[in-house]
Amino acid sequence: MADSNKTATLTFGDTTIDLPMMSPSVGPDVIDISKLYGKAGVFTHDPGFTSTSSCVSTITYIDGEQGELLHRGYPIDQLAEKSHYLEVCYLLLYGELPTATELEDFEYRVTRHTMVHEQMMNFFRGFRRDAHPMAVMVGVVGAMSAFYHDSTDISDPWQREVASIRLIAKMPTIAAMAYKYTIGQPFEYPRNDLDYASNFLRMCFAVPAEDYQVDPILSRAMDRIFTLHADHEQNASTSTVRLASSSGANPFASIAAGIACLWGPAHGGANQACLEMLREIGTVDRIPEFIARAKDKNDPFRLMGFGHRVYKNFDPRAKVMKKSADEVLDLLGIDNNPTLQVAKELEKQALNDPYFAEKKLFPNVDFYSGIILEAMGFPTSMFTPIFALSRTIGWVSQWKEMISDPGLKIGRPRQLYTGETRRDYVDVENR
Ligand code: ACO
């Protein structure tokens, strides 16, 4: 993959060195600086990794300028329209769309792993009832390594495969249990006769006292939310999973690290933060005040659900999500909901404001997903757990790709040290 025809020349002081360049199948060329310190005794400095490729990957490609997202080459809008979540899981994990038999076999394997170890119920009961479901998920997913010892040996490809299937299959069960626990309702066991999304909706909203029928439009919308969040290249939580597992940590511990990272409001927590912001704005007449705050350099307030580190054009997932939001709200007949009215007007005003246009700040996927999830009846605290369960396939696929790489190295960034230089210890009585 290193392209021998191209090199980059770096000159500083009296030193000039040639650095090899690598060409991706699509996207900008990459300067390979892995030998830079050895050859020239300097590091590069790139906080936030805005200009640094951390790995070679064949899974997902994003063109932020064009607003394009491809999984194994397939555009996300085509996958969201024509495919479904478990098929996209197969694609991300194994690299190709499955044949009908492969898909049936994959769905069978996932479906047969949806239950969690019965002893895990006790683990849930150790949490306070008012715990945030993400706090519960970080704990419970990390604890899976204590329940499934037979899939923690990462050097064994079979165990890696079993761990992958277990994570994809059990994450909806764990997220639904975290929800049921916080509202004080009994856990609902998974039902293997339902598809992945319908099963999740049922585990969240059914109660033993009455029948529960999943509406196919809501199930389709749920599946689309899962699909649109399935993977997103080397984002913060995926990089966290890669870094954590580069030490050889087991997959459950590594995915728990990814969940912890996703929780932050600049990442997966943005959908919850966005809905809370819409409620705080409250009425359409207050929108200009909040837009003014978002533009004020002296105010830390940002419009949640706007902007993206990579997309400097419309987030392609947001387009599909917006359409889905319209369908769900239409079905549920709640188009005059005040939060929704604020959302629609905020979107319009921000898109017409030169500040947002110049900085290329567009609504991201979280702006619309929160609206759909609220309409479905999920509390805001469940928004990020739903993102976590959807992204599990991305984390698992990226983890599997990394572990299978014979050139795997433990991740170890360097630093630009600006602290004290060497000095001698002073006894406490002399300070
Ligand atoms: N509202 C107002 N101004 C913003 C916003 C926003 N939402 N986002 C960025 N800006 C401004 C910044 O103030 C900055 O202005 P400056 O150049 O005058 O200093 C400029 O746009 C660039 O912002 P950065 O923070 O440098 O952009 P970065 O790419 O690092 O940040 C991020 C991306 C974190 C997503 C940011 O846009 C943000 O905080 N958005 C709100 C949170 C959010 O919606 N996150 C969801 C991300 S999508 C996901 O995780 C699925």
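In listed order, ligands and their atoms are each counted from 1. This structure is a prediction, so every number in the text was calculated from the model and none was measured. Throughout, residue positions are numbered sequentially from 1 according to the sequence presented.
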> How does Leu361 reach ligand 1, if at all, at less than 4.0 Å between non-hydrogen atoms: by side chain, backbone, both, or neither?
Replying inline: side chain
> How does Met277 reach ligand 1, if at all, at less than 4.0 Å between non-hydrogen atoms: by side chain, backbone, both, or neither?
Replying inline: neither
> Are Phe387 and ligand 1 in contact, using a heavy-atom cut-off of under 4.0 Å?
Replying inline: yes
> Does Lys312 come within less than 4.0 angstrom of ligand 1, counting non-hydrogen atoms of the residue?
Replying inline: yes
> Nearest protein heavy-atom contact for atom 42 (C) of ligand 1: which residue, which atom, what distance?
Replying inline: Met304 SD, 3.6 Å
> What is the nearest protein non-hydrogen atom to atom 3 (N) of ligand 1, stated with its residue, atom name and distance?
Replying inline: Tyr355 OH, 3.1 Å
> Are any side-chain N or O atoms of Glu280 and backbone N or O atoms of Met277, one a donor and one an acceptor, separated by less than 3.5 Å?
Replying inline: no
> Counting heavy atoms only, which of Lys359, His229, His232 is nearest atom 16 (P) of ligand 1?
Replying inline: Lys359
> Which pairs, with at least one residue in residues 381-417 and sequence neighbours excluded, count as a ring-ring contact (aromatic ring centres under 6.0 Å, His included)?
Replying inline: His229-Phe387
N or O contact, [X] vs ligand 1, cut-off under 3.5 Å:
X	result
Arg317	no
Gly268	no
Val365	no
Leu303	yes

> Is there any side chain to side chain donor-acceptor pair (under 3.5 Å) pair reaching into residues 240-263, and which pairs are they, with sequence neighbours excluded?
Replying inline: Gln234-Arg242, Arg242-Gln398, Arg242-Glu401
